[in-house]
Protein chains: 2
Amino acid sequence: MLTERQRMIMTAIVDDYIRSAEPVGSRSISKRGDIAFSPATIRNEMSDLEEMGYLEQPHTSAGRIPSNKGYRYYVDHLVKYGTLSGHELNVMKVFFAEKIQEMEQIFQQIASVLSHLTNYTSIVLGPEVFSATLKHLQIIPLDEQSGVAIIVTNTGHVENKVIRFPEGITAADIEKTVHILNAKLKNVPLLQLRARLYNEISEELTRYVNGCEELVKALETAIDTDEQDRIYMSGTTNMLIQPEFKDVDKLKHLLDLLGETPTIARLLTSIPEGIQVRIGTENSLDAIADCSLITASYSLGGQNLGTIGILGPTRMDYARVLSLLDHLSKDMAVLLGRWYK
Amino acid sequence: MLTERQRMIMTAIVDDYIRSAEPVGSRSISKRGDIAFSPATIRNEMSDLEEMGYLEQPHTSAGRIPSNKGYRYYVDHLVKYGTLSGHELNVMKVFFAEKIQEMEQIFQQIASVLSHLTNYTSIVLGPEVFSATLKHLQIIPLDEQSGVAIIVTNTGHVENKVIRFPEGITAADIEKTVHILNAKLKNVPLLQLRARLYNEISEELTRYVNGCEELVKALETAIDTDEQDRIYMSGTTNMLIQPEFKDVDKLKHLLDLLGETPTIARLLTSIPEGIQVRIGTENSLDAIADCSLITASYSLGGQNLGTIGILGPTRMDYARVLSLLDHLSKDMAVLLGRWYK
DNA sequence: GGTTAGCACTCATTAGAGAGGAGTGCTAAC
DNA sequence: GTTAGCACTCCTCTCTAATGAGTGCTAACC
């Protein structure tokens, strides 16, 4: 579609604009050395590129900036993954060498490393709890009417919820129920837990225990954990230093959105595996219409576990972020493999 | 110290400045009606008040604004608690009528109500877990080398931590240890748990179980929960709309600080009971040198549990926030009483 | 035909000048 | 003790002109 020269010019414009945040003029490209044409020639090409929708002009006498379509073309055809700098590798090495105590720490730290290295906002989607299997289920009574339901997975993750006991159920009933459930449900994937609770189990239970339907219903709420617990974020305040968010209103919208963990969780879970770049309005959330979201899924043993991502202005350093995410998502497999042992 | 007229003028200046965020001139005060003196007279008084350090002047030909000392005097001697508006009462009524499922929800919601009613940032310090007593302690093995230690309190709070088993300990040993610990430690306040673990218990345990010292040490880390889990915050982005934070650098510092939950936790736990106002540099944190922190502790049955607070610019509506916090902290006692039943 | 030099034109940005106005401090009169 | 009057300060706003980066177009060049 585009000639080689147009591709070179396009690359130059995107690169320059990413660096400077200023519209790029024909003369500055001509002076770069790698494109040995006069400003007039480049102007003609730029005019064509604008007509095709890859560039736009803030006003008649300004340089050009990439349009969303332009960024898309750049990401799809032009960007070259860079190699990581010594500093970057070092920061990651230090991080991966650290002794990790808790699962959650890994993801919080990954997010922290990402935002520090990029000066953008990082979002990490931790592994789905549901891919884990049930290790142990327990109800610990607090008083006559209520107790804490606790679910432990094989990964060491603990979910807990205060539940209210149904009327007239005895402590012995509860104990019996839990005992039966444990025997039946051990090592069952959490994902299937709900279905199993309803189909097989509850039928059998009613034979032994009075009023256990209510109890099972209460238990169900405990496994119904929120997706938002999987979200780890870091560097949200880095948005402040981006010139595209000088406007306080726009900034507030953005930060408010980032505070809505459930929305962010929904956004990240809806993204397919692999490395993905969503530019501007491709995200269909108004608040991040000026942002790009780059994500990379990480996996273990072929199974997709979660996603790490960077949210920055559309004018973000795609090359660097892409190579960083690529590298880090692969390292995570190693790290998690070590953890799960 | 101050004459009645000076106090009136002081009140007028603070009130006006809180409303307008603009330096207050002598003429505008004279026109208010409640102070029937000419601008010249008021100018003389203002000059005296400035000399005493209660007012300052951004530049020679501007009006006066309250100094930190001025705000301090205002808060200590001049402010009158307002009565809450119908709207405010209504929002709170709706909130308190809501069915609360989990303890944590209460505090998150209180924070949310506070920030929405005030348009400032709210911070809630939840009750100290340590004031609760141990209901149940358990170790659920994940594999040969590790397991999850779970602690349930009488309030339904659950703490959990992955621990590594000491070398050579058997499943039976672990079970025995947990059994002994439960018998010994049930209903012990968490605060005393650590001491009891070391003094009485571990001595007795060594008689029965091999290598249990290591296990106890691992358990200890589980009760060592972070203060930061007690912090609930809402409305941090409200800082953006305050004119005192037009400066992006200052704003970033502030938001970064608010993201450091441990620091915030330390700040709030260091504040004495009752209603407290900390103005500007009284907080000794650079990032909130232009902010005031108003806090009110809440209690249940005479025992202090935690704190609710509002962080806003020093130019904040003290009267409204004070009466709101006063009211809400008292309501919380009722709410928590109902919860603990 | 592709490339380039030249030139007129556009328009955001900046600096400077001047007017306006809010507010003060001081003095003198009430 | 209070107030009117007045000179003075200094911020803010607006207007203007200059600057300059960048464009589009045309005509010449290879």
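Any value given below was found using the heavy atoms of this structure, including those in side chains, with hydrogens, waters and symmetry copies removed. Chain letters run A, B, ... following the sequence lines, proteins first and then strands; every chain starts at 1.
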Between B/Arg64 and A/Ser38, which is nearer to the 5' end of DNA chain C once each is assigned its nearest nucleotide? A/Ser38

Please report, rounded to the nearest Å, how far the [atom2] atom of [N] is from the [atom1] atom of [X].
{"X": "A/Asp48", "N": "C/dT3", "atom1": "CG", "atom2": "P", "value": "12 Å"}
{"X": "B/Glu45", "N": "C/dG25", "atom1": "CD", "atom2": "C1'", "value": "15 Å"}
{"X": "A/Ile42", "N": "C/dT4", "atom1": "CD1", "atom2": "P", "value": "9 Å"}
{"X": "B/Asn44", "N": "D/dG1", "atom1": "CG", "atom2": "P", "value": "11 Å"}
{"X": "B/Ile9", "N": "D/dG1", "atom1": "CD1", "atom2": "P", "value": "15 Å"}
{"X": "B/Ile13", "N": "C/dG23", "atom1": "CD1", "atom2": "C1'", "value": "13 Å"}
{"X": "A/Met46", "N": "D/dA21", "atom1": "CE", "atom2": "P", "value": "15 Å"}
{"X": "A/Glu56", "N": "D/dT23", "atom1": "CD", "atom2": "P", "value": "15 Å"}

Looking at the side chain of B/His59, which of D/dG24, D/dT23, D/dC11 is the nearest nucleotide? D/dC11

Given D/dT3, C/dT4, D/dG24, which nucleotide is nearest the side-chain atoms of A/Glu50? D/dG24

Is there a donor in the side chain of A/Asp290 and an acceptor in the side chain of A/Thr314, or the other way round, less than 3.5 Å apart? no

Please determine, by modelled atom types, if B/Thr121 and B/Asn238 share a side-chain donor-acceptor pair under 3.5 angstrom. no

Under 3.5 Å, is there any donor-acceptor pair linking the side chain of A/Arg43 to the base of D/dG24? yes

Check: B/Ser61 side chain, D/dT9 base, donor-acceptor under 3.5 Å: yes

Quick one: label [X] by what it contacts on the DNA or RNA (base, sugar-phosphate, nothing), any heavy atom closer than 4.0 Å.
{"X": "A/Ser26", "result": "sugar-phosphate"}
{"X": "B/Ala62", "result": "sugar-phosphate"}
{"X": "A/Thr41", "result": "base"}

So which one's nearest nucleotide on DNA chain D is more toward 5', B/Pro39 or B/Thr60? B/Pro39

Complement of C/dT27, any strand, by Watson-Crick or G-U distances under 3.5 angstrom: D/dA4

Which of these passes ring-ring contact (aromatic ring centres under 6.0 Å, His included) with B/Tyr318: B/Tyr71, B/Tyr81, B/Tyr120? B/Tyr71

Is the phosphate of C/dT4 approached by A/Arg27 (side-chain N or O, under 4.0 Å from OP1 or OP2)? no

Heavy-atom closest pair, residues B/Arg72 and B/Glu282: NH2-OE1, 2.6 Å

Set of side-chain contact (heavy atoms from CB on, under 4.5 Å) partners for B/His116, sequence neighbours left out: B/Ser112

